[in-house]
Colleague: 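If you scroll down you'll find the structure; I have some questions about it.
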Amino acid sequence: MTDEPLLRVSSLSKAYGSRVGCEDVSFELWPGEVLAVVGESGSGKTTLLNCISTRLAPTSGRVSYRMREGAFRDLYRMSEAERRFLMRTDWGFVHQNPADGLRMAVSAGANVGERLMAVGDRHYGKIRETAVDWLARVEIGEDRVDDEPRAFSGGMRQRLQIARNLVTGPRLVFMDEPTGGLDVSVQARLLDLLRGLVNDLGLAAIVVTHDLAVARLLSHRMIVMKDGQVVETGLTDRVLDDPRAPYTQLLVSSILQV
Amino acid sequence: MSTPEQTATQNIATYNFAYLDEQTKRMIRRAILKGIAIPGYQVPFASREMPMPYGWGTGGVQVTAAIIGPDDVLKVIDQGADDTTNAVSIRNFFRKVAGVETTTETAKATIMQTRHRIPELPLTEGQTLVYQVPIPEPLRFLEPRETETRMMHALEEYGLMHVKLYEDIAKHGHIATTYAYPVKIEGRYVMDPSPTPKFDNPKMHMSPALQLFGAGREKRIYAIPPFTDVVSLDFEDHPFEVQKFDRPCALCGAEQVYLDEVILDDRGGRMFVCSDTDHCESRRVDGHVGELGAKEAAE
């Protein structure tokens, strides 16, 4: 069944004027696979993620996605309506800063329920039930369902954001530094949770991170970027244990040992 | 039959009729026609400065000025009442600049400009209701970006509207939105019916009268043509309901009408009377008497 990739990226480039965002990136992502994109700041990781998730139009190249009915569609040849529908049903996007991905002024329940209502759910009781269920799956108690995300801690907000994205059962989730700005113990719990959810739901994910430990824990494969170019790709364990490109060797040796 | 000379004088009399210049009226009429052609869609227009502050009905006045003719009979209501400051001054304004007949009787009027209420007396074919709208965008308080709300209207992405209703139920146990209650027009555009109480929403549905909405500050015109489907948004398990009053009007005894609370003294005395003053008066003329109306008559 999985003999075809879910997402195909071919020679994707994004230039900001004469400056390079990312250049000639090609890869394929299979269903259920987690791909980490690592590199230092300014290496084009986020640009790449935004180009793939249609949040930023690339300068050249193609991104095609296998729809639920099985046909590949070029994302940039779809109509805006189709693209937006895809984004809020079949995809998820977890922002580094939860405030970017949440509605801070509406309750946690409504945050989770928004996507359901957007696809036409019109039964309050059922929406709320689903919201409570999802909050429980990301370890947020039922008693917090009517609280606004403003009243939540950073880690809770991030978990709420994840619940909000997963409620429609997406097949592909984009994550931009999902553990950024969280302290280590909260990071560890979030990673645990993410790993569990990805396994249970068979999600495919593209995780952008500068933290190699996050990549090690979550991802199957990784792409190492520098100055907008892909310098190395491979299985996560192989890349981290036996880095070949000089830059990857530098990156791996820069990890602080405790 | 009128002679050609008479016609010419009449034409001159109607040129630059009703305050606005002909080019402006033409522009506004185009917006109105477009609004009627796309029910519920907010048509941008080049709103003019009017001799009154924003928020006092500049949008409504411009729409009225663009559609009014010498044969029209104008009624203006504010909160359902014909005798409040704003209603009186707008009525006087049109009497002065258009010389049209004005009335307080719903049945007689051909054009009614309103803020907040739809008259209790069912409207008939040929009548036009002009609403003064402060904030035409139903999604405004949920999505501050105009570019984004327009895109949402274009793509029919109205999930967010239900997020607001969800919040109401989560916080209050029921849909607590009582005015500017969002409606869906002909199964397509979600529209803000201006600050009318939701009590009046059902009257918009399949109304034989033409309903025009003008927002002067926000520079938008929209419309509900006669006999158009108007559905108030709700949840399956929390259906749309209008306000209910547990007593009739204190003056005319009317039930199932929208009531205003009037404070009578500083010892907690109060009465509930029809918000539609014309409806109340005509009922009293017909001999209907409420609880306090009887006392009033006896004094």
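Naming: A, B, ... by sequence-line order, numbering from 1 per chain. A quick note: this is a predicted structure, and the numbers were derived from the prediction, not measured.
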Colleague: Are there more than 12 heavy atoms of other residues, nucleotides or ligands under 6.0 Å from atom CZ of A:R19?
Modeller: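 Check fails, neighbour count at 12 or below.
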Colleague: For B:R30, does the CZ atom sit with more than 12 other heavy atoms under 6.0 Å from it, leaving out its own atoms?
Modeller: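 Atom CZ in B:R30 is not crowded, with 12 or fewer foreign heavy atoms closer than 6.0 Å.
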Colleague: Checking A:E148 against chain B: side chain, backbone, both or neither under 4.5 Å from a heavy atom?
Modeller: side chain
Colleague: Locate the shortest heavy-atom distance separating B:V163 from A:M117; write the atom from each residue and the value.
Modeller: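 Where B:V163 meets A:M117 most closely, the heavy atoms are N-SD, 3.7 Å.
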Colleague: With a 6.0 Å cut-off (strictly less than), is the heavy-atom count around CZ of B:F240, excluding the residue itself, greater than 12?
Modeller: yes
Colleague: Flag yes if more than 12 heavy atoms outside B:E186 fall under 6.0 Å of its CD atom; otherwise flag no.
Modeller: yes
Colleague: State whether the number of non-hydrogen atoms from other residues, nucleotides or ligands found under 6.0 Å of B:Y189 atom OH is greater than 12.
Modeller: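 Yes.
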Colleague: If every non-hydrogen atom of B:L142 is compared with every non-hydrogen atom of A:R103, which pair is closest and at what distance?
Modeller: O-NH1, 3.5 Å
Colleague: Which heavy atom in A:V106 sits nearest to a heavy atom in B:E167, and how many Å separate them?
Modeller: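 Minimum heavy-atom contact is CA-OE1, 3.5 Å.
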Colleague: Give the member of A:G113, A:G120, A:G125, A:A110 that has the highest number of heavy-atom pairs under 4.5 Å with chain B.
Modeller: A:A110
Colleague: Side chain from CB out, backbone as N, CA, C, O: work out which of these in B:K164 comes under 4.5 Å of a heavy atom of chain A, or both, or neither.
Modeller: neither
Colleague: With rounding to the nearest 0.5 Å, note down the distance linking NZ in A:K126 to CG in B:D237.
Modeller: 8.0 Å
Colleague: In terms of heavy-atom proximity below 4.5 Å to chain B, should A:R128 be classed as side chain, backbone, both, or neither?
Modeller: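 Both backbone and side chain.
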Colleague: So does A:A118 get a backbone contact from the side chain of B:E157, meaning a donor-acceptor N/O pair under 3.5 Å?
Modeller: no
Colleague: Any chance CD of B:Q256 has more than 12 other-residue heavy atoms, nucleotides or ligands included, within less than 6.0 Å?
Modeller: no
Colleague: Anything under 30° is parallel, anything over 60° is perpendicular, the rest tilted; go ahead and classify B:F235 against A:Y124.
Modeller: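 Answer is perpendicular, since the angle exceeds 60°.
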Colleague: Minimum heavy-atom separation for A:R122 to B:D234, with atom names?
Modeller: CD-O, 4.1 Å
Colleague: Can you establish whether the number of heavy atoms outside A:Y76 located under 6.0 Å from its atom OH is more than 12?
Modeller: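 Above 12, so yes.
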Colleague: Could you go through A:I127 and B:H162, starting from their C-alpha distance and side-chain angles, then the distance that decides it, and tell me whether this counts as side chain to side chain contact (heavy atoms under 4.5 Å, CB included)?
Modeller: CA-CA 11 Å; A:I127 293 169; B:H162 274 87; over 6 Å; no
Colleague: Should we count CZ of A:R195 as having more than 12 external heavy atoms under 6.0 Å?
Modeller: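 Incorrect, the count does not exceed 12.
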